[in-house]
2 protein chains.
Amino acid sequence: MKDTVKPDGRGPKGSPAAPAVKRSRIQTRNRKLILDAALEVFSTHGFRGATLDQIATEAGLSKPNILYYFDGKEAIHVTLLNKLMETWLDPLEQLNPQGDPLDEILAYVRRKLDMAQAYPRESRLFANEILQGAPRMAPHLEARLKPLVDAKATLIADWAEAGRIAPVDPRHLIFSIWATTQHYADFEAQVNVLMPEGGVFPGAAGYLETMYRRMLTV
Amino acid sequence: MKDTVKPDGRGPKGSPAAPAVKRSRIQTRNRKLILDAALEVFSTHGFRGATLDQIATEAGLSKPNILYYFDGKEAIHVTLLNKLMETWLDPLEQLNPQGDPLDEILAYVRRKLDMAQAYPRESRLFANEILQGAPRMAPHLEARLKPLVDAKATLIADWAEAGRIAPVDPRHLIFSIWATTQHYADFEAQVNVLMPEGGVFPGAAGYLETMYRRMLTV
DNA sequence: TCGTCAATTTACCATTTGGTAAAAAACAAA
DNA sequence: TTTGTTTTTTACCAAATGGTAAATTGACGA
């Protein structure tokens, strides 16, 4: 019997992430089902706390069928993390050196808050990974996030230097933007206890705009 | 044979948290060892990701010996969470209605940041629990945290009303303080990648004081 | 120093979990 | 419809995991 060929075109235990082969309709659909289910499960239980059975049930597929599409639990997690990284970097990448400094930063805050609202599961997946010491993401952080943050920190420092925003440590500014926006996704369970009235995001948007405006206005 | 009596004075599967019986030196020492080991393990892997074997190894005890001191994995986790809640509430409780509003809030920020630095594992234990939907802490949040936050939010609203600090939504202010301070503990793995130079906390303290001063100064 | 209770170890067990092999079913090109 | 391929199911397995029973060792007051 010849080796089973997995739908992503890799042989058994193959590794390249890039889809070397065009996927069938069924493959496309089921991979999406699995990744969506896995996002749900990993983001609420963390990697070790999630089980393939949970993912299978959530996806409406059998466990062996899931392992037909992915090489294992870890491969699913890694796939999610890889996809996530680009999405996560995007709002910061959009910070425009040519724009008005205050507007740019406030727009960045806005984008991050919108993402926390639109993609809370992704935010929690990321939070879980970092909380646990970034075991599978550390290389990514080093290779992709760090250079981007370095570049944008320099940009913000230049803006401050030129007196176009108030003096500020760019890195701590970025940390505080991440922390305050992602908080509404990551700590949703707590926020919901303390602000029961529906729709916390409009208030959050107003608060954060005010805070960073007061922080950065010269 | 008579029922084995556990060292906390409860019979098998007993429940009261209060130590009904004074503990021996050995009990005190070993319970501490276990709780410390469990804090380490739970805070990095989450509840489901942690194993009794890990905790046992970390504590330097055997697994059955651990189950001699605690009714099970869940009981250890609950014990940690209960202890944690009081520690966690304390800095906010200290917010003094008689003090100068700006000073009081800045001191609160300072206390929270100091806690993130001194007790990062506790911060991550808490973050893990909330991330996963607060399954074992929701009652606590409702019963202890919510009343406190309500009270302090009213206090801050009064300060703003009286023009002693700039107008602000008190609850979002509190959220942002939690988010920005705990970020340095919870996302330590990421922070360390982006700010390799040792000692991020002095810079964080300076940044946060500046931010909340600018935010709240009338 | 002896006896008793506390503490610990040894030897297990049932379930859960990630994963596999191989057969069966569904599908698609001819 | 036939044939080769893709997809799914069935039936497993080995390791890990939470937990227990009972025997063994240790501490310590009378």
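Every chain is numbered from 1 and lettered A, B, ... according to where its sequence line falls, protein lines coming before strand lines.
Looking at the side chain of Pro64(A), the nearest of the listed nucleotides dT10(D), dG18(D), dT7(D) is dT10(D). Of the candidate nucleotides dT7(D), dG18(D), dT8(D), dT8(D) has the atom lying nearest to any side-chain atom of Asn30(A). For Arg48(A), the listed nucleotide lying nearest its side chain is dT17(D); candidates were dT17(D), dG19(C), dT8(C). Closest to the side chain of Gln27(B), out of dG18(C), dA7(C), dT20(C), is dA7(C). Proximity note for Tyr69(B) (side chain, C-beta onward) versus dT8(D), dT8(C), dG19(D): the nearest is dT8(C). In the set dT7(D), dG18(C), dG19(D), dT7(D) carries the atom at the smallest distance from any side-chain atom of Tyr68(A). For Lys73(A), the side-chain atoms get nearest to dG19(C) when compared with the rest of dA28(C), dG19(D), dG19(C).
Regarding Asp71(B), its CG atom lies at a distance of 13 Å from the C1' atom of dT20(D), rounded to whole Å. Atom CZ of Phe70(B) and atom P of dG18(D) are 16 Å apart (whole Å). Rounded to a whole Å, the CG atom of Leu52(B) is 16 Å from the P atom of dT16(C). One can place NE2 of His77(A) at 13 Å from P of dG18(C), the figure rounded to the nearest angstrom. One interatomic measurement links the two molecules: CG of Leu67(B) to C1' of dC13(C), which rounds to 14 Å at whole-angstrom precision. Across the protein-nucleic acid pair, Arg31(B) atom CZ and dT8(C) atom P stand 13 Å apart, rounded to whole Å. As a whole-Å value, the separation of Arg25(A) CZ from dT5(D) C1' is 15 Å. In this structure, Asn65(B) atom CG and dA22(D) atom P are separated by 18 Å, rounded to whole Å.
Taking 4.0 Å as the cut-off between side-chain N and carboxylate O, Arg121(B) and Glu40(B) count as a salt-bridged pair. Ion pair Lys83(A)/Glu122(A) not flagged as a salt bridge, since none of the NZ, NE, NH1 or NH2 atoms sits closer than 4.0 Å to an Asp/Glu carboxylate oxygen.
Mapping Ile26(B) and Glu74(B) onto DNA chain D via the closest heavy atom, the residue that lands nearer the 5' end is Glu74(B).
The phosphate of dT8(C) has neither OP1 nor OP2 within less than 4.0 Å of any side-chain N or O from Ser62(B).
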Check step by step if salt bridge (charged side-chain N to carboxylate O under 4.0 Å, His left out) holds for Lys146(B) and Asp150(B). CA-CA 6 Å; Lys146(B) 189 169 191 298; Asp150(B) 285 344; 3.5 Å; yes

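When heavy atoms are screened at a 4.0 angstrom cut-off, Ala50(A) is found touching the sugar-phosphate backbone but no base atom.
In this model, a donor atom of one side chain and an acceptor atom of the other lie less than 3.5 Å apart for Asn30(B) and Tyr69(B). Using a 3.5 Å distance cut-off with no hydrogens or angles, the side chains of Tyr184(A) and Ser123(A) do not pair a donor with an acceptor.
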